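What follows is a single structure, written as structure tokens, with notes after it.
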2 protein chains.
Amino acid sequence: MDSSQLLKGVLDLAVLAVLAERDSYGYDVVRRLREVGLEDVGDASVYGTLRRLFKAGALTSYVVASDEGPHRKYYGLNDVGRSLLQTSAKTWTSFAATMNDLLKEVDPG
Amino acid sequence: MDSSQLLKGVLDLAVLAVLAERDSYGYDVVRRLREVGLEDVGDASVYGTLRRLFKAGALTSYVVASDEGPHRKYYGLNDVGRSLLQTSAKTWTSFAATMNDLLKEVDPG
DNA sequence: GCTGCTACTGCGCAATGCGTAGTACTGTGC
DNA sequence: GCACAGTACTACGCATTGCGCAGTAGCAGC
């Protein structure tokens, strides 16, 4: 199984979790996700997710000038985003628990 | 977050896990998945997954007559299916661990 | 023979991650 | 000052895959 399919429906959650730590911009979110182990995330996916979440009203956005390149579009969680994060985290946790239950019977010895 | 998106990329694994326990047919797989907690799986999704996995050479298939309805198309794991299950289970487990790491910093409370 | 349960198939849709290309700004080396 | 690399973001179209809905079909009980 290609892990890219696993990302479906979870990238939002991962991005929200990263932003909960501190405000950030696309390029940096990609780096941080890769650092924590999500090595295969494409940059376009992250930018797309950021835009979707912003459009959905879960993020704030502000532009900051940068020393080392073009301006940066920072994103941060607002109340909607924080509650979305909590809800999604719970959904994920219970889903993951269900899957682990299902799998433990077939775990390789 | 709608849990249906979480299923993407995991339904294969769930179906393989259920079949690992014992051979089964579509209608029954749906019931068993719902029993373990995957309440929202659509029947068409499961039948589609079964066909995809069969076409991919991971499943065997044989038809058995039934007392309570039309014939049943049983599916079972072959070697390809079993190794796919092991691989997918490992991928899932490590992915889930990564996500849990990411989330524990923002866990409510 | 109509209804309901069992069992499967087919079609088209929607969501979403990905690849590729393109825009644009900054600093470095020549 | 120009090419180039690194940073930062946008746009377009594609592939995968789960879902909804409709359709086919067998069997049981009334």
Side-chain angles (χ1 to χ4, degrees), chain A residues 1-16 23-34 38-56 58-59 61-75 84 88 91-92 95 99, chain B residues 1-16 23-34 38-56 58-59 61-75 84 88 91-92 95 99:
Chain A
M1 179 183 297
D2 176 7
S3 78
S4 74
Q5 286 301 319
L6 293 178
L7 265 186
K8 299 241 176 204
V10 177
L11 225 208
D12 285 24
L13 176 55
V15 168
L16 287 171
D23 286 11
S24 190
Y25 53 97
Y27 205 83
D28 186 50
V29 172
V30 173
R31 260 195 310 242
R32 286 161 69 192
L33 287 178
R34 288 188 176 152
L38 268 15
E39 322 249 347
D40 298 332
V41 289
D43 58 338
S45 302
V46 172
Y47 285 116
T49 299
L50 251 10
R51 267 176 290 181
R52 256 202 318 280
L53 288 173
F54 178 69
K55 200 175 158 197
L59 302 181
S61 172
Y62 50 99
V63 170
V64 175
S66 165
D67 286 347
E68 22 179 354
H71 66 87
R72 292 167 173 169
K73 195 181 283 183
Y74 273 76
Y75 291 97
L84 183 59
S88 300
T91 303
W92 158 261
F95 179 82
M99 283 303 297
Chain B
M1 176 182 298
D2 176 7
S3 79
S4 74
Q5 286 301 319
L6 292 178
L7 266 185
K8 298 243 173 201
V10 176
L11 226 207
D12 285 24
L13 176 55
V15 168
L16 288 171
D23 285 11
S24 190
Y25 53 97
Y27 205 83
D28 187 49
V29 171
V30 173
R31 261 195 308 242
R32 285 161 70 191
L33 287 177
R34 290 188 176 151
L38 267 18
E39 322 249 346
D40 297 333
V41 289
D43 57 340
S45 302
V46 172
Y47 285 117
T49 300
L50 250 11
R51 268 176 287 179
R52 256 204 318 281
L53 288 173
F54 178 69
K55 199 176 158 195
L59 302 181
S61 171
Y62 50 99
V63 171
V64 175
S66 164
D67 286 345
E68 21 179 355
H71 64 87
R72 291 167 173 168
K73 195 181 282 183
Y74 273 76
Y75 291 97
L84 183 59
S88 299
T91 304
W92 158 261
F95 179 81
M99 283 305 296

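Excluded from the calculations below are hydrogen atoms, water molecules and symmetry mates; all remaining heavy atoms, backbone and side chain alike, are included. Given the structure is predicted, the values throughout are model-derived calculations rather than measurements.
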So, for [X] and [Y], which heavy atoms are closest and what is the spacing to 0.1 Å?
{"X": "B/G42", "Y": "B/R34", "answer": "CA-NH2, 4.1 Å"}
{"X": "A/G26", "Y": "A/V46", "answer": "O-CG1, 4.2 Å"}
{"X": "A/V30", "Y": "A/V41", "answer": "O-CG2, 4.5 Å"}
{"X": "A/Y47", "Y": "A/Y27", "answer": "OH-N, 3.3 Å"}

What is the distance from [atom1] of [X] to [atom2] of [N], rounded to the nearest Å?
{"X": "B/Y25", "N": "C/dT6", "atom1": "OH", "atom2": "C1'", "result": "8 Å"}
{"X": "A/K55", "N": "C/dT16", "atom1": "NZ", "atom2": "C1'", "result": "13 Å"}
{"X": "B/R31", "N": "C/dC8", "atom1": "CZ", "atom2": "P", "result": "10 Å"}
{"X": "B/D43", "N": "C/dA7", "atom1": "CG", "atom2": "C1'", "result": "10 Å"}
{"X": "A/E39", "N": "C/dC18", "atom1": "CD", "atom2": "P", "result": "13 Å"}
{"X": "A/D40", "N": "C/dC18", "atom1": "CG", "atom2": "C1'", "result": "11 Å"}
{"X": "B/L50", "N": "C/dG10", "atom1": "CG", "atom2": "P", "result": "14 Å"}
{"X": "B/L11", "N": "C/dT16", "atom1": "CG", "atom2": "P", "result": "17 Å"}

Checklist entry - Which two nucleotides bound the region of DNA chain D that has atoms under 4.0 Å from heavy atoms of chain B, read 5' to 3'? => result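 Span of nucleotides near chain B: D/dT17 to D/dC27.
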Checklist outcome for this item: Assert: residue with more 5' nearest nucleotide on DNA chain C, out of A/R52 and B/A44, is B/A44
Checklist entry - When you check the gap from the basic side-chain N to the acidic O, do A/R52 and A/D12 get nearer than 4.0 Å? => result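 A salt bridge links A/R52 with A/D12.
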Where the side chain of [X] is concerned, which of [options] is the nearest nucleotide?
{"X": "B/Y47", "options": "C/dA7, C/dT20, C/dT16", "value": "C/dA7"}
{"X": "A/S45", "options": "C/dT9, C/dC18, C/dT16", "value": "C/dC18"}
{"X": "B/Y27", "options": "C/dG10, C/dA15, C/dA7", "value": "C/dA7"}

Next on the checklist: Looking only at the side chains, is there a donor atom on one of A/Y62 and A/D23 sitting less than 3.5 Å from an acceptor on the other?
Outcome noted: yes
Checklist entry - Taking only N and O in the side chain of B/S66, is any of them less than 4.0 Å away from OP1 or OP2 of C/dA7? => result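 Yes, such a contact exists.
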Checklist entry - With a non-hydrogen cut-off below 4.0 angstrom, is B/D67 in contact with a base, only sugar-phosphate, or nothing? => result sugar-phosphate
Checklist entry - Which residue lies toward the 5' end of DNA chain D, B/V46 or A/R72, if each is placed at its nearest nucleotide? => result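 Nearer the 5' end of the strand: A/R72.
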Item to check | Pairwise distance CZ(B/F95) to CD(A/Q5) - rounded to 0.5 angstrom | outcome: 11.0 Å
